[in-house]
Protein chains: 2
Amino acid sequence: MPAPWPAVSDCIDMLDSETKVVETPEDHAEELRLWLRLLTCTTLIEGEVRGRLRQRFDVTLPRFDLMAQLDKAPDGMTLSDVSKRMMVSNGNVTGLVERLVESGHLDRRTSDTDRRVQVIRLTKLGRAEFRRMAAEHETWIADLFADLSPKDVRDLMRLLAKTKASAQKSAARRRP
Amino acid sequence: MPAPWPAVSDCIDMLDSETKVVETPEDHAEELRLWLRLLTCTTLIEGEVRGRLRQRFDVTLPRFDLMAQLDKAPDGMTLSDVSKRMMVSNGNVTGLVERLVESGHLDRRTSDTDRRVQVIRLTKLGRAEFRRMAAEHETWIADLFADLSPKDVRDLMRLLAKTKASAQKSAARRRP
DNA sequence: GGAAAACATTTTAGGCTTAAAACAATTCGG
DNA sequence: CCGAATTGTTTTAAGCCTAAAATGTTTTCC
């Protein structure tokens with residue numbers, strides 16, 4: 001039967017983590033509230049952008065996002081690259097690309113050097129439409145963040161970079 | 001044919017907004033980068049939470065979120081309330097609730113005073129399972145944000161509150 | 001009282017999303 | 001060189017999600 005408290009000798013190394021030793025459930029309410037607020041902000045802005053894209057251009061957000069990735073890669077990207085960049089599953093990209101090829105916005109071809117790989121590019125039409133949408137999209141974002149000062153923006157950038165790093169580290173701890 | 005520049009008399013009132021007058025496209029790259037970083041953080045954390053919920057409890061994130069709303073409302077909520085709180089469409093909630101009733105986690109009844117309204121509550125099983133999951137969930141969040149200092153958390157809370165307010169104001173400008 | 005507006009929910013049609021399994025092609029190690 | 005792992009993509013099954021139209025109910029306001 002284990003003693004309900006650690007031996008005195010073991011406590012020497014535990015003095016600065018006493019809360020754990022005595023099994024006090026730690027209070028993480030602040031982090032939880034932070035996470036909910038982060039999620040709320042993103043959902044709010046994402047919904048607004050989604051609605052405006054639909055209203056103005058009759059396009060969905062995922063299609064816009066995919067085109068945005070390709071606009072930055074004039075030589076095209078592989079499906080895997082796109083999937084990693086967009087942080088969505090492979091199968092998701094397959095379907096998205098299918099519909100965008102169908103509508104004439106994307107061009108897709110099998111790589112010459114590796115027959116597993118599909119390389120996709122924006123077509124002329126796709127690029128033109130994306131540029132038109134992106135210009136307006138940028139003004140929406142500016143408007144949504146309009147009440148933040150330049151310093152606020154800088155501070156948020158810094159803190160979110162730290163958040164991203166922390167989350168990535170935590171994710172890596174689980175899946176090494 | 002309009003002159004390509006404003007009349008001198010009109011310029012008197014424009015001196016402090018000259019960039020607009022000369023049609024210089026304003027630079028909103030910083031806000032755009034901020035939005036992408038915000039989105040990345042949320043997607044990263046959301047994906048991690050989704051995966052852990054599935055692995056540990058074989059439950060989806062939307063189901064967990066819905067149960068979380070109900071856990072805070074012992075007397076139940078209407079579908080509209082839930083839909084507003086979760087910031088998802090009404091139809092979405094209908095389906096989600098259907099499946100959770102089916103699995104015995106939710107109880108649903110028509111309001112006595114207004115036959116349009118459906119009131120849903122957690123069942124005993126639903127509450128028990130949610131509490132079990134929520135306890136672990138809180139430690140995941142704490143771990144994901146572990147590298148942020150208490151001050152970072154406070155600063156982020158403040159800046160995200162400002163962001164939320166700004167976005168809501170912008171959304172209201174579009175849909176008054 | 002009764003038409004019209006407002007409200008709560010469901011239905012519909014289509015697209016998005018994931019996890020996991022299946023398939024295909026390449027690379028690696030012996 | 002050849003079997004085994006690895007890599008890139010697609011398929012599958014199920015669920016999530018939205019916008020818009022449809023349905024049923026209540027309130028409003030002549």
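Naming: A, B, ... by sequence-line order, numbering from 1 per chain. Everything numeric in this text was worked out from a predicted model, so none of it was measured.
- Summary for the helix from C:dG1-D:dC30 to C:dG30-D:dC1: the axes at its two ends, each from 5 pairs, differ by 20° when rounded to the nearest 10 degrees.
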Identify each atom pair where a protein N or O and an N or O of nucleotides 17-21 of chain D are less than 3.5 Å apart, giving names and distance.
unit_1, atom_1, unit_2, atom_2, d
D:dC17, OP2, B:Asn92, ND2, 3.4
D:dC17, O5', B:Asn92, ND2, 3.2
D:dT18, OP2, B:Ser89, N, 2.7
D:dT18, OP2, B:Ser89, OG, 3.1
D:dT18, OP2, B:Asn92, ND2, 3.4

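- Residues satisfying the salt bridge (charged side-chain N to carboxylate O under 4.0 Å, His left out) test with B:Arg116, not counting sequence neighbours, are B:Asp114.
- The salt bridge (charged side-chain N to carboxylate O under 4.0 Å, His left out) search around A:Lys124 returns none, not counting sequence neighbours.
- If you measure from atom CG of A:Leu53 to atom C1' of C:dC16, you get 15 Å, rounded to the nearest angstrom.
- In this structure, B:Val119 belongs to a hydrophobic cluster whose other members, linked by side-chain heavy atoms under 4.5 Å apart, are B:Val117.
- Outside the 6.0 Å centre-distance limit, the rings of A:Phe64 and A:Phe57 are not counted as a close aromatic pair.
- Using a 4.0 Å cut-off between charged side-chain N and carboxylate O, B:Arg52 and B:Glu48 make a salt bridge.
- Contact annotation: B:Ser80 side-chain N/O to C:dC7 OP1/OP2 distance is not under 4.0 Å.
- Residues of residues 108-121 of chain A that place a heavy atom closer than 4.0 Å to DNA chain D, in numerical order, are A:Arg108, A:Arg116, A:Val117, A:Gln118.
- Counting only heavy atoms from C-beta outward, the side chains of A:Phe145 and A:Ile45 approach each other to under 4.5 Å.
- Within the 4.0 angstrom heavy-atom criterion, only backbone atoms of the sugar-phosphate kind lie near A:Thr60; the bases stay farther away.
- For the OP1/OP2 pair of D:dG15 and a distance below 4.0 Å, the side-chain nitrogens and oxygens of B:Arg63 include no atom meeting the criterion.
- With respect to B:Leu96, the side chain to side chain contact (heavy atoms under 4.5 Å, CB included) criterion is satisfied by exactly one of B:Leu66, B:Leu106, B:Val82, B:Asp65: B:Leu66.
- Between A:Lys84 atom NZ and D:dT9 atom C1' the separation is 12 Å, expressed in whole Å.
- Ion pairing between A:Arg109 and A:Asp107 holds under the 4.0 Å rule for side-chain N and carboxylate O.
- We find that B:Lys169 and A:Asp147 are joined by a salt bridge, their nearest charged nitrogen and carboxylate oxygen being less than 4.0 Å apart.
- Rounded to whole Å, the distance from CD on B:Gln55 to C1' on C:dA20 is 13 Å.
- One can place CG of A:Leu79 at 15 Å from C1' of C:dA25, the figure rounded to the nearest angstrom.
- Counting non-hydrogen atoms under 4.0 angstrom, B:Thr78 reaches the backbone sugars and phosphates but no base.
- Salt-bridge check for B:Lys151 with B:Asp155: passed, with a basic side-chain N closer than 4.0 Å to an acidic carboxylate O.
- The separation between A:Glu98 atom CD and D:dT11 atom P is 7 Å, rounded to whole Å.
- A 6.0 Å sphere centred on CZ of B:Arg108 holds more than 12 heavy atoms belonging to other residues, nucleotides or ligands.
- Rounded to an integer number of Å, the gap from CG of A:Leu61 to C1' of C:dG15 is 13 Å.
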